[in-house]
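Every chain is numbered from 1 and lettered A, B, ... according to where its sequence line falls, protein lines coming before strand lines. Not measured: the values here are computed from a predicted model.
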Amino acid sequence: MSGRFGIHGGQYIPETLMNEIHALEAAYLRWKDDPDFVRELGDLLRDYAGRPSLLYFAANMTADLGGAKIYLKREDLNHTGSHKINNVLGQCLLAQRMGKTRVIAETGAGQHGVATATAAALLGMECEIFMGKEDTERQVLNVYRMELLGATVHPVLSGTQTLKDAVNETMREWTRRVDDTHYVLGSVMGPHPFPTMVRDFQAVIGREARQQILEREGKLPAAVLACVGGGSNAIGTFHAFIPDESVALIGCEAAGVGVETPRTAATIATGSLGVFHGMKSYFCQDDAGQIAPVYSISAGLDYPGIGPEHAWLHDTGRARYVPVTDEEAVDAFEYLARTEGIICAIESAHALAYARQLAPTISPGESMVICLSGRGDKDVAAIARYRGKDVAEG
Amino acid sequence: MVYNETVGSAGVTGTTASAGKGASPRPIENTTPPIDRIAQAFQSKAFIAFLTGGDPTLEDTRRYVKILAEAGASLVEIGIPFSDPIAEGPVIQEASARALSSATGTTPEMLFELVRALREEDGLTIPLALMTYLNPVHHYGYEEFFARAADVGVDALIVPDLPFEEHAEVLPAAQANGVALISMIAPTSSSRARKIAANAQGFIYLVSSLGVTGVRSEITTDIGSIVDEIRQVTDVPVAVGFGISTPAQAATMAAQADGVIVGSAIVRLIAENGSHADDALRTYVSEMVSALPQE
């Protein structure tokens, strides 16, 4: 494995972690195609996580928008409520084979933290989660969920107290205690081999979706859409479709208040090339190379960078990335609830929002697949607050 | 290995630095090549002092660097503050945040200007290193950054998130401008230690312990055996950093290596005393320097 996607990727981490990262790469190569590993992961994905996830034809939405047939890839129906479980089960099984007894992870919205705590409970591993203090307040219920699952949650007080700071603190913790500990990185970011390994674990989304849409429609979709923070559900959904050049791949970034304001997290729209969190990629930064304090209503997309494979897909033009504002995402969140009876994660609502614009421009003979990366229970109180309603948390 | 050849050409290639932002040709007469300045600093056990540039102000940093040198520091490392210093403990994280949140913020350019003033106006002769993360250097442009660093009199650059395997993209610019790119070796480096050491220039930054920077009550790593391994492949001096704060620790570590690096303990004195840390710094550094074994 080269660890590079064009100029992006690499391993820009402190020396203390380098041998561990090399050991991780070796272990991943050793186990990824091992029949027992593949079988054990496959069994867990089917019997525990609930795969394959459904590909749902959203008939009401399709009729309402009057264009391409809309299919939703229901990652929200997985155990723990999002796509995060796919990656976490893979990494925790690998960590066990490496002899690790403890896992640590960052989390933004809490979905990855909950998934990691879940896998750790299942596999009998010790678990500590790092979460920006602001996010622990935005997602009180998820903090309690992780604690119920036996994890210790550390609120991160440094920096902007959001996802990037949670990653910083988890990296620091890993340098403190690396012998018995695996860092379950939650997205297709960080130093090699994480972007490749996490993509491989998430690629099940696109493999299933491609087969399902071919069975339903007899042909490939015109477009595949997913939300992008670090980009794990997006790369997982895109991956199987990359060779299918007729399929448009569209990543929907969190524009926050708007890309013309500093209150945004849209990396491709507003960022520039840099090196951070172990990888070369695009980052929101200022003119002195300081990482920008980004903003989105979605804690899971509130990240100043993007995974290196997305940066490369952007460079080559194979995928395109569009910004979606808080307002558009909240509208889409409410729209899906009313139209299809599905409350999705505010992250996923970013992809839906763009799908609403795109669908009418595509002929009704065509289809599009949108990854519904997570369910929205966690967001209900925040959406109510956004709309000026006071709903007690939980 | 190719270290001496690099030194030989450093002064000459340094004159081609005009591509840099505002860099003028570097005078080669009457200046000690930067890496020689580092070698001189290690003629006896070295005390390397770190402080964060711009904490609490640039004027304070300029005065503090002079005080550290007067009190016996052999080399001073000035941190260019970065928003997300993943290798730092709370003390240096907070110093970085203070330096960035000052009225103007602290930029690489301001610290280049500070080094220029220390060299040209204050006549400071000890070697100076800059310490920062890769993103600010990448953003400035590698060639431009090293040309400017060489031009103002910076001897070395330390980048904690640039491990040996990624040196290749930065090294040509560092070598062309005669600035040493410092290699770090950690207790976990094991078999990689020799490879890193064999390619090291300036000095080797030996990380004493797992974890991030910050004061530690005890250091349990077997420093002596790592130094022995390094010695088998290079004569480049080895300085031990991370966790050292007391004279006793400095004495023990320096006895097993060529010098010690002290950061958080100094930064903490600045945090506690703000713009009035002069006496505290002088006293502390004198005490630490006098604890180093004499050769």
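Phe276(A) places none of its side-chain heavy atoms less than 4.5 Å from the side chain of Asp161(B). Under the 4.5 Å side-chain criterion, counting only non-hydrogen atoms from C-beta, Glu169(B) is in contact with Tyr12(A). Using a 4.5 Å heavy-atom threshold, the side chains of Asn135(B) and Gln285(A) count as touching. At a threshold of 4.5 Å between non-hydrogen side-chain atoms, the residues Met184(B) and Pro14(A) do not count as touching. Counting only heavy atoms from C-beta outward, the side chains of His22(A) and Glu165(B) approach each other to under 4.5 Å.
Only the backbone of Pro160(B) comes within contact range of chain A, with heavy atoms under 4.5 Å apart. In this structure, no portion of Thr160(A) lies under 4.5 Å from any heavy atom of chain B. Of the atoms belonging to Asp286(A), it is backbone heavy atoms, and not side-chain ones, that fall under 4.5 Å from chain B. In this structure, no portion of Glu173(A) lies under 4.5 Å from any heavy atom of chain B. Neither the backbone nor the side chain of Leu157(A) comes within less than 4.5 Å of any heavy atom of chain B.
A donor-acceptor pair is defined here as one N or O able to donate and one able to accept, closer than 3.5 Å; no such pair exists between the side chain of Arg176(A) and the backbone of Val212(B). A side-chain donor-acceptor contact under 3.5 Å links Ser83(B) to the backbone of Ile291(A). A distance-only check finds no donor-acceptor pair linking the side chain of Asn168(A) to the backbone of Ile86(B) [under 3.5 Å].
Ion pairing between a basic and an acidic side chain is recognised when a charged N comes within 4.0 Å of a carboxylate O; Glu20(A) and Arg192(B) show no such pairing.
Separating the OG1 atom in Thr188(B) from the CG atom in Asp179(A) is a distance of 9.0 Å, to the nearest 0.5 Å.
Chosen from Leu134(B), Val159(B), Val137(B), Ile185(B), the residue pairing most often with chain A at heavy-atom distances under 4.5 Å is Leu134(B). Highest contact tally toward chain A, considering only Ser191(B), Ser183(B), Pro136(B), is held by Pro136(B) [criterion: heavy-atom pairs under 4.5 Å]. Looking only at heavy-atom pairs under 4.5 Å with chain A, the residue among Ser96(B), Pro85(B), Gly89(B) that has the most is Pro85(B).
Residue Asp84(B) forms a side-chain hydrogen bond (donor to acceptor under 3.5 Å, both in side chains) with just one option from His277(A), Lys164(A), Gln290(A), and that option is Lys164(A).
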Problem - Candidate pair Lys280(A) and Glu166(B), rule side chain to side chain contact (heavy atoms under 4.5 Å, CB included), full reasoning - result: CA-CA 11 Å; Lys280(A) 184 174 283 179; Glu166(B) 303 288 2; over 6 Å; no
